[in-house]
Protein chains: 2
Amino acid sequence: MTTSSPVTGALAAELQRALLARGETVAAAESLTAGLFCATLASVPGASATLRGGAVVYATDLKSALAGVPEELLAEHGPVSPQTAAALAEGIRLRCGSTWGVGLTGVAGPDPVDGHGPGRVYLGVSDGERTDVAELDLPGDRSAVRAGAVAAACRSLLDRLG
Amino acid sequence: MTTSSPVTGALAAELQRALLARGETVAAAESLTAGLFCATLASVPGASATLRGGAVVYATDLKSALAGVPEELLAEHGPVSPQTAAALAEGIRLRCGSTWGVGLTGVAGPDPVDGHGPGRVYLGVSDGERTDVAELDLPGDRSAVRAGAVAAACRSLLDRLG
């Protein structure tokens with residue numbers, strides 16, 4: 001069955017402790033990871049105190065319908081872009097009423113998407129006042145890229161939580 | 001990192017083939033699995049042809065906000081109930097514009113929720129005309145219960161696809 005590695009599981013547990021200490025919550029809008037970030041956070045017992053939920057926005061139109069990304073932004077910059085990652089983070093935060101919003105979009109592979117090669121991932125993290133976007137080039141196959149994106153999101157949010 | 005077992009991965013691949021053969025799509029609203037069903041489907045290359053997306057409805061109020069479950073239904077039957085599983089499946093199907101909707105709610109453990117013990121899961125599958133709900137009692141720890149729920153959802157949808 002599906003299991004978390006000790007590495008990702010430890011990151012998720014550390015993130016839960018950091019959020020609990022501040023009384024804060026998180027939500028995520030996920031494209032290439034398709035729910036794996038939220039599912040990893042939920043692997044830690046007691047996750048309901050810090051994880052509100054999120055959206056799996058695999059189809060492009062769902063990035064607007066479920067996470068509130070403006071259609072014009074998608075048309076101008078494309079679904080795999082820093083602008084879309086930022087809008088996913090900001091939009092899902094508002095829709096879920098969480099302290100933090102995380103947005104993940106990119107190319108898991110094996111085929112390129114819109115001129116972006118496998119491994120290219122954009123990660124947005126927002127608290128409503130500041131939105132950071134990271135551009136990542138993750139190594140490995142489809143599974144490694146998706147797992148690497150989840151780990152990067154955990155680390156990025158931990159950095160912001162200080 | 002997070003990986004799918006051969007068993008669940010094979011089920012996801014079989015499900016993708018069955019949906020592709022019929023030109024149909026799926027979306028899911030997930031509570032206890034928190035995105036693991038969608039993430040498992042997305043582990044198969046080419047998933048975008050059959051997986052539209054979904055919602056992670058970990059917090060009770062998000063079952064209404066993201067998946068359209070009526071608040072009165074939640075108040076009357078509770079988040080862990082066959083009625084909620086059916087409403088999650090029907091609601092997410094409409095919001096995502098998919099052929100099929102899957103709803104998963106239950107208790108991953110280790111603690112009981114609303115009088116339901118760990119392992120109790122309700123699974124809804126809807127095509128808009130007929131909604132089936134299964135009551136499951138899954139063995140094992142938190143991780144096994146969540147993985148078992150994902151596998152059960154794959155098998156249930158495969159049965160409906162005949």
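So you know, we letter chains A, B, ... as the sequences are listed, proteins then strands, and number each from 1. All figures in this text were calculated on a predicted structure; none of them were measured in a lab. Atom set for the values below is all heavy atoms of this structure, side chains included, hydrogens, waters and symmetry mates excluded.
Linking ILVMFWY residues whenever their side-chain heavy atoms come closer than 4.5 Å, directly or via other members, leaves B/Leu62 and B/Val56 in distinct clusters. Linking ILVMFWY residues whenever their side-chain heavy atoms come closer than 4.5 Å, directly or via other members, leaves B/Leu136 and B/Val80 in distinct clusters. Connection of A/Leu74 to A/Val133 is not established within any shared hydrophobic cluster, with ILVMFWY side chains joined at heavy-atom distances below 4.5 Å, either directly or through further cluster members. The cluster map of Ile, Leu, Val, Met, Phe, Trp and Tyr, joined by side-chain heavy atoms under 4.5 Å apart, puts A/Leu15 and A/Ile92 in different clusters. Under the 4.5 Å side-chain heavy-atom criterion for Ile, Leu, Val, Met, Phe, Trp and Tyr, A/Leu157 and B/Tyr58 are members of the same hydrophobic cluster.
Both the backbone and the side chain of A/Arg52 come within less than 4.5 Å of a heavy atom of chain B. Both the backbone and the side chain of A/Ala47 come within less than 4.5 Å of a heavy atom of chain B. For chain B, no part of A/Val145 is nearby; none of its heavy atoms comes within less than 4.5 Å. Both the backbone and the side chain of A/Ser48 come within contact range of chain B, with heavy atoms under 4.5 Å apart.
The heavy-atom pair separating B/Gly54 from A/Leu66 by the smallest distance is O-CD1, 3.4 Å.
Between the side chain of B/Arg142 and the main chain of A/Ala42, a donor-acceptor pair closer than 3.5 Å is present.
Contact tally against chain A (heavy-atom pairs below 4.5 Å) for B/Val57, B/Asp61, B/Leu41: the top residue is B/Asp61. No other option in A/Ala29, A/Ala28, A/Gly35, A/Ser31 has as many heavy-atom pairs under 4.5 Å with chain B as A/Gly35. In terms of non-hydrogen atom pairs under 4.5 Å with chain B, the most contact-rich of A/Thr60, A/Leu51, A/Leu32 is A/Leu51.
Using a 4.5 Å heavy-atom cut-off against chain A, the contacting residues of residues 95-114 of chain B are B/Arg95, B/Cys96, B/Pro110.
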